[in-house]
There are 2 protein chains.
Amino acid sequence: MTKYNIAVLGATGAVGRRIIKLLEETSIPINHLKLLASARSAGTTLTFKGQEVTVEEATPDSFADVALVLSSAGGNVSKRLLPEAVKRGAVCIDNTSAFRMEEDVPLVVPEVNAAALKEHHGIIANPNCSTIQMVLCLEPIRRQFGLNRVIVSTYQAVSGAGQSAIKELQAENAALVNAVSQPTPTILPTAADRNHYQIAGNLLPQIDVFEADGYSHEEWKMIHETKKIMLGDMDAPELKVTATCVRVPVEIGHGESVYFEVADQTATSADIRALLNNAPGIVVEDDPSTQLYPQALTAAGRKETFVGRIRPDLETHGAFNMWIVADNLLKGAAWNTVQIAEKLVTQELI
Amino acid sequence: MTKYNIAVLGATGAVGRRIIKLLEETSIPINHLKLLASARSAGTTLTFKGQEVTVEEATPDSFADVALVLSSAGGNVSKRLLPEAVKRGAVCIDNTSAFRMEEDVPLVVPEVNAAALKEHHGIIANPNCSTIQMVLCLEPIRRQFGLNRVIVSTYQAVSGAGQSAIKELQAENAALVNAVSQPTPTILPTAADRNHYQIAGNLLPQIDVFEADGYSHEEWKMIHETKKIMLGDMDAPELKVTATCVRVPVEIGHGESVYFEVADQTATSADIRALLNNAPGIVVEDDPSTQLYPQALTAAGRKETFVGRIRPDLETHGAFNMWIVADNLLKGAAWNTVQIAEKLVTQELI
């Protein structure tokens, strides 16, 4: 049996740490696990299967003997290092947006479009967290009933902006509770923009920077990644998607209020509930009579995506509302990455 | 000049306290202010214009010499006491949902439908907090461009569930910060339902109890109150409305992601921005280039409703997204109530 040398790039981050944990339970035969990060984090010790592993600084030569790279460092790191890894024969799964829209880079949610993996040229992109949980729930509906239109509003946890954003929320919450003056925010809404605002007790309708058309880049991603994953074309006109993305004072667990219109006007809420109940990776939590619905706290730490509050628009035929929650660091990032790695191995694409 | 005897019913609550504060600045000539509450809260002392006022237990006879009642006790209290007040000659403005859908009870947002006040028979209803801020922004658009459809997702602060819900969030946040075990929740998502869940660090897609059709009563209110306020008919078919209401761990300030379709296909985002800029009670905060958009923290304590992120759906003509935030205890409750009182006085309807 082939055993693989695997590298985790961005090993010390919120997603990197979860990838390492998930690799402890994976079916992939691992020969050697290399943990890579920036020079600043090099020397940190992390645990893998009970053994201490020292994090090394990532350089092009780090990938010389590596078969598979699971990357969740920043976009610039990916742009600089992943082509070097590919040159040295590695296959890379990247969690950043660096390569997602390149024509020859598959953008994959395994339950939705695992078939796209076989067209890879060394780099496979992991989609944006908020996109993954939505397409996972929409794809079974699209296949069965046809999907014309999606209008989504997100409630996104701060961990989507990394470990430092979690710390920022915690420090702000502590200041609120202790009634002392607030620390100056330096991360949220996004480290990439000029102004930073308190997230504790607040709502920030900005995730990532703004495009010229007034949409945030996160909203742009939800529109175009959804089309690329479900239809293979980032501009596919047959599915209309619009999005509003909002950061909320939650550590882990993205919520999404998703409105959608199907082609088959005979579809009912009961049909959709049954369909999603049988779909891989999805748990339907939908019983108003017992107050059962997805919550951020109950989704945190779980690999599955949770959906509930499925109900028809009472005035528009073939239109529905639903509420989706997933752990943005697991299915939204680390778990989807490890799932892709497992598919690459079982489909002998590595 | 006539001076009025005014009673505040529910004086010790989160909304009642704000009503008293706003009455300190009102143009209404006040002869005597009576503060009323349940037997449990009677005896509490509150301050009005520098004077201490003792809260009295509300009974039918409390209203004997009162011209105007501003009520924000619970729905059952309103149902029991307001007809008694009307019998004794008072005009009542009620913050609960007790009378909102009765045919002869005007449901009023003064900037939108002040004209409805003249049809009152003693009781005027203050709409639901999340409805007020939305119709305030939609009405100028409807008048100018026609409005066909609204799809709204709310991000609602815990203060909408009263003072005890604020305390619950604060206690839970303190437990998180101090890393001690969580207190057992007893209020949220709603005191009226069986199960209670932690709101700190969480998202709860339930506000009020559920109806048989799977919508929460809060969602029902947003649909039917919007139609009654804007079109005078709670079932008006010419405007389609659907809603998803979610509680978020924020103390004050409801956010709303509002998607809407207009009749006039020539309307642009710039037109809508200009229109709302000139509309009463609205502040447009909409400049992505300087990261200017409505936030819960910046709206808290303000009487105005804030709107931003106004942008067209890039794939559907005549459709737009916008983001609205208001202080749910002020414009969503106390301030709208005092505005109605002022209109009643200036229009000599009392």
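Numbered from 1 within each chain, the chains take letters A, B, ... in sequence-line order.
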Worksheet item: How far apart are the closest heavy atoms of B/Gly201 and A/Ala296, and which atoms are they?
Response: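 Between these two residues, the closest heavy atoms are O-CB, 4.2 Å.
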Specify which of [options] makes the most heavy-atom pairs with chain B at under 4.5 Å.
options	answer
A/Ala174, A/Ala299, A/Ser216, A/Gly308	A/Ala174
A/Asp287, A/Val241, A/Ile223, A/Ile252	A/Val241
A/Val177, A/Asn195, A/Leu314	A/Asn195
A/Met322, A/Gln206, A/Glu251	A/Gln206
A/Ala157, A/Pro249, A/Pro205	A/Pro205

Practice prompt. State plainly whether the residues A/Arg311 and B/Glu211 are in salt-bridge range, i.e. N to O under 4.0 Å.
Written response: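 Here A/Arg311 does not pair with B/Glu211 in a salt bridge, since their nearest N and O are not under 4.0 Å apart.
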Heavy-atom distances under 4.5 Å only: say whether [X] touches chain B with side chain, backbone, both or neither.
X	result
A/Thr154	backbone
A/Arg194	both
A/Ile151	side chain
A/Asn321	side chain
A/Glu256	neither

Fill in: Residue pair A/Thr242 / B/Thr316, side-chain heavy-atom distance below 4.5 Å
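No, every pair of side-chain atoms sits at 4.5 Å or beyond.
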Fill in: Heavy-atom side-chain proximity of A/Tyr259 to B/Ser153 below 4.5 angstrom
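A side-chain contact is absent here, since even the closest heavy-atom pair is not under 4.5 Å.
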For the candidates [options], which exhibits the highest count of non-hydrogen atom pairs separated by less than 4.5 Å from chain A?
options	result
B/Arg149, B/Gln291, B/Glu315	B/Gln291
B/Leu204, B/Val246, B/Val248, B/Val158	B/Val246
B/Val250, B/Leu169, B/Asn202, B/Leu176	B/Asn202
B/Asn173, B/Asp193, B/Thr298	B/Asp193
B/Ser269, B/Ser257, B/Ala243, B/Pro237	B/Ser257

Of the backbone (N, CA, C, O) and the side chain (C-beta and beyond), which part of [X] lies under 4.5 Å from a heavy atom of chain A, both, or neither?
X	result
B/Glu172	neither
B/Pro189	side chain
B/Leu239	backbone
B/Asp213	both
B/Ala200	backbone

Worksheet item: Could you state the interatomic distance from CZ (B/Arg247) to OH (A/Tyr155), rounded to the nearest 0.5 Å?
Response: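 One finds 12.0 Å between CZ of B/Arg247 and OH of A/Tyr155.
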Item to complete: To the nearest 0.5 angstrom, please state how far the CZ atom of A/Arg309 sits from the OG1 atom of B/Thr244.
Response: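 Answer rounded to 0.5 Å: 6.5 Å.
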Worksheet item: How are the rings of A/Tyr293 and B/Tyr197 set relative to one another: parallel (under 30°), tilted (30 to 60°) or perpendicular (over 60°)?
Response: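 Answer is perpendicular, since the angle exceeds 60°.
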